[in-house]
Amino acid sequence: MIAEAIRAKKRAVIPYVTAGLPDIETTGEIIRVLGEAGAAAIEIGIPFSDPMADGPVLQKASYRALQAGFTLDGLFSKLSTWSSSVRTPLIVMSYMNPLMRRGFEQTLARMRDEGIQGVIIPDLPAEAGEIYGQCQFMGMDLIRLVAPTTTGQRQKEVVSQCSGFVYAVSVKGVTGARQSLPIEIRRQVEALKTLTDLPVCVGFGISDARQVEEMLAFADGVIVGSHLMAKIMDSSEPVRTARETFMRL
Amino acid sequence: MKGYFGEFGGQYVPETLLPALEELEGAFRSATADAGFWNEFNAYMKDYVGRPSPLTFAGRLSEHLGIDAWLKREDLNHTGSHKINNALGQILLAKRMNKGRVIAETGAGQHGVATATVCALFGLECAVFMGTEDIERQRMNVERMRLLGAEVVPVSSGSATLKDATSEAIRDWVTNVDTTYYLIGSAIGPHPYPTMVREFQKIIGIEAREQILEKAGRLPDAVVACVGGGSNAIGIFAGFIDDPVELVGVEAYGDGNRRHAASIGFGTPGVLHGTRSYLLQDRDGQVLETHSISAGLDYPGVGPQHSFLSTTGRARYTLVDDRQALDAFRLLNRLEGIAPALESAHAIGYLEQYAQDHKGAAVVVNLSGRGDKDLHTVLKEGL
């Protein structure tokens, strides 16, 4: 239960981890230590050859994971072990194409059976109603992104076809750590909270404890991806680095 | 559903871009409903691009092949290819939308040059994303873009070709969406781009239809065009879509074995760059690296309307490899005194196959660009 898990935390931080980096075994270890360290939920990124919503760090992470031999079968063979190793809800983040390749519904059903509770799709089609219906039917959360450019009418539409939490994108742009975040994000989150009872979490650009504090003053949680993956990729001890980086947030 | 051709097309983009696509669609609709817009477009087509482009009867080639071959001479347009038609149409839109900055992706550099040209013409800031691999093999066009005042942004991620340049252009657009107009060069990308690009390239087909009726007194048996993303093909097809004329798209078969760029020939439906269409991908949905001797065809996807025309059977898609394209390049030089772009040489290359069982048929080939930019590549392969 993703929404409950986020609400249960005083300081809900959701780390993002690219699967298969440096290898699929290590990803499992990283997930375990992040769960133990108190992550509210964990996003598992499926590497994609053409990650158009990602900045340099997550592009590199995707590329390296694919070079290192990441496959969907390899991932699927691990998911149930991972989901039973932590009490933290696991979420998959994937572009549309890897999810659709072997049939969208079959792929989602497989992930659900292995214990994945939600999915985030950065290039979800404009009309997402059908996909939301499929996720509902399967008992999986479809976490939707709301951008700084999303208008009031579209905000309503998105949050009405969203579950788990609402992912408020802090900046216009791609993923990646930023020195400072635009102040408009506060208004955006407050507006979203008038439209939904779901937790509203902020992601894109968050890279230190100060920013986490700032965001948690009005948001229900934060997502940290690029900052964590940059540290993991630079480290010779990725598991320990993942834990330490998370603890410092 | 909005923006689909059957099961193909759509808008698979980051949420940030959806309002921009809506704004663009609105601007496109209001512009194309406005006679003033088309008057302006047509005036530039005539006095700046040099349209209508001629339809040339290729006498010696026809004799050589035993068919009647007509060439739609987009190579004679200002900037040397059909890309200028779409670039001009979209720059007029960008102006109406008050965007001060234009970005584009380019493979062979033809679209980059066309975009840099219209940006110079209208005094707009211009950045062109280009794979480092393509920068290497299309040096001349890189220098032309710089001369025109555009910034050429090298893209070294992935395969460092058109696919990656397109991803990088989309990333820039997400970041600078308020001020920036993304001028896509092919009939790909999220709705409304495939429709918009077709509407601006349709002038090729409309002219060609009038010209062949006037010159030959009949419609052709077939219309042939090369297909990478498919903008020149969709442009000429659009003029003949309601006629009893066979439409043939020629995809790049690369080395004629495993390394190619034939999305319809060997791909499966998938989502890339905001649209659902045939795509060269592995069993995990990872997009495959492609190869073609022509940089402009070196793309793993294809415009969604082509996928649709292929599944409905209205158009037929076929293959020509690097070697056949090079042979066609030489042949057209020797027989007609015309150096085609290596992209267009794929369409010419198909005529040999077509002629084998269509003796006496009349064919219009879209000669989408001129080959000066490819001399370097061709000379490396030997005359």
Side-chain angles (χ1 to χ4, degrees), chain A residues 46-56 59-60 62-63 65-66 70-76 94-104 107 121-130 144-151 153-155 157-158 167-176 204, chain B residues 1-4 7 9-23 25 155-159 163-180 189-191 268-277 279-289 300-301:
Chain A
I46 295 185
F48 183 47
S49 52
D50 298 83
M52 68 174 171
D54 286 306
Q59 281 178 52
K60 189 156 107 186
S62 238
Y63 181 77
L66 290 172
F70 171 89
T71 63
L72 283 178
D73 286 335
L75 175 72
F76 288 157
S94 174
Y95 286 87
M96 275 306 278
N97 203 46
L99 297 178
M100 289 170 80
R101 181 70 175 102
R102 301 182 200 175
F104 185 78
T107 305
I121 305 173
D123 59 346
L124 199 64
E127 305 90 352
E130 192 185 334
R144 300 283 299 272
L145 293 99
V146 175
T149 55
T150 310
T151 57
Q153 186 52 39
R154 175 78 182 168
Q155 284 182 353
E157 197 181 312
V158 170
Y167 191 136
V169 177
S170 65
V171 292
K172 286 175 205 140
V174 293
T175 59
F204 281 38
Chain B
M1 268 198 300
K2 193 174 89 175
Y4 279 83
E7 59 175 307
Q11 296 180 314
Y12 297 79
V13 295
E15 194 67 35
T16 308
L17 290 181
L18 276 182
L21 290 175
E22 214 158 284
E23 182 194 359
E25 191 184 357
V155 178
S156 55
S157 58
S159 54
K163 163 181 92 92
D164 311 285
T166 306
S167 296
E168 205 52 39
I170 293 173
R171 291 184 189 112
D172 181 298
W173 197 31
V174 179
T175 309
N176 302 299
V177 62
D178 296 334
T179 56
T180 298
H191 175 71
T268 46
V271 171
L272 179 67
H273 296 143
T275 191
R276 183 166 189 273
S277 194
L279 180 63
L280 293 167
Q281 53 182 329
D282 70 10
R283 56 187 300 274
D284 274 2
Q286 307 296 344
V287 179
L288 294 171
E289 300 220 342

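What you see is a predicted model, and the numbers here were worked out from it, not measured in a lab. Values below: every heavy atom of this structure, side chains too, minus hydrogens, waters and symmetry copies.
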Legend entry - Which portion of B:R276 sits near chain A, non-hydrogen atoms under 4.5 angstrom: side chain
Legend entry - Side chain, backbone, both or neither of B:D282 within contact of chain A (heavy atoms, under 4.5 Å): backbone
Inset, instruction - Using non-hydrogen atoms and a 4.5 Å limit, figure out which bit of A:P56 sits close to chain B: side chain, backbone, both or neither. - result: neither
Inset, instruction - Answer with side chain, backbone, both or neither: which region of B:V287 has an atom nearer than 4.5 Å to a non-hydrogen atom of chain A? - result: both
Legend entry - Portion of B:L272 that has a non-hydrogen atom of chain A nearer than 4.5 angstrom: side chain
Legend entry - A:L145 CG to B:L18 CG distance, which is reported to the nearest 0.5 Å: 11.0 Å
Legend entry - Check: B:Q286 side chain, A:P47 main-chain N or O, donor-acceptor pair, under 3.5 Å: yes
Inset, instruction - Please look at B:T16 and chain A and tell me whether the side chain, the backbone, both or neither of the residue comes under 4.5 angstrom of a heavy atom of that chain. - result: both
Inset, instruction - May I ask you to name which of B:E168, B:K2, B:E22, B:K163 has the most heavy-atom pairs under 4.5 Å with chain A? - result: B:K163
Inset, instruction - Name the region of A:L72, side chain, backbone, both or neither, that has any atom closer than 4.5 Å to a heavy atom of chain B. - result: both
Legend entry - For chain B, the option from A:Q59, A:K60, A:M96 that forms the most heavy-atom pairs under 4.5 Å: A:Q59
Legend entry - Structural part of B:Q281 lying under 4.5 Å from a heavy atom of chain A: both
Inset, instruction - For residues B:E15 and A:V146, determine if any side-chain heavy atom of one lies less than 4.5 Å from a side-chain heavy atom of the other. - result: no
Inset, instruction - Would you mind checking which part of A:P98 comes under 4.5 Å of any heavy atom in chain B, side chain (CB onward), backbone (N, CA, C, O), both or neither? - result: both
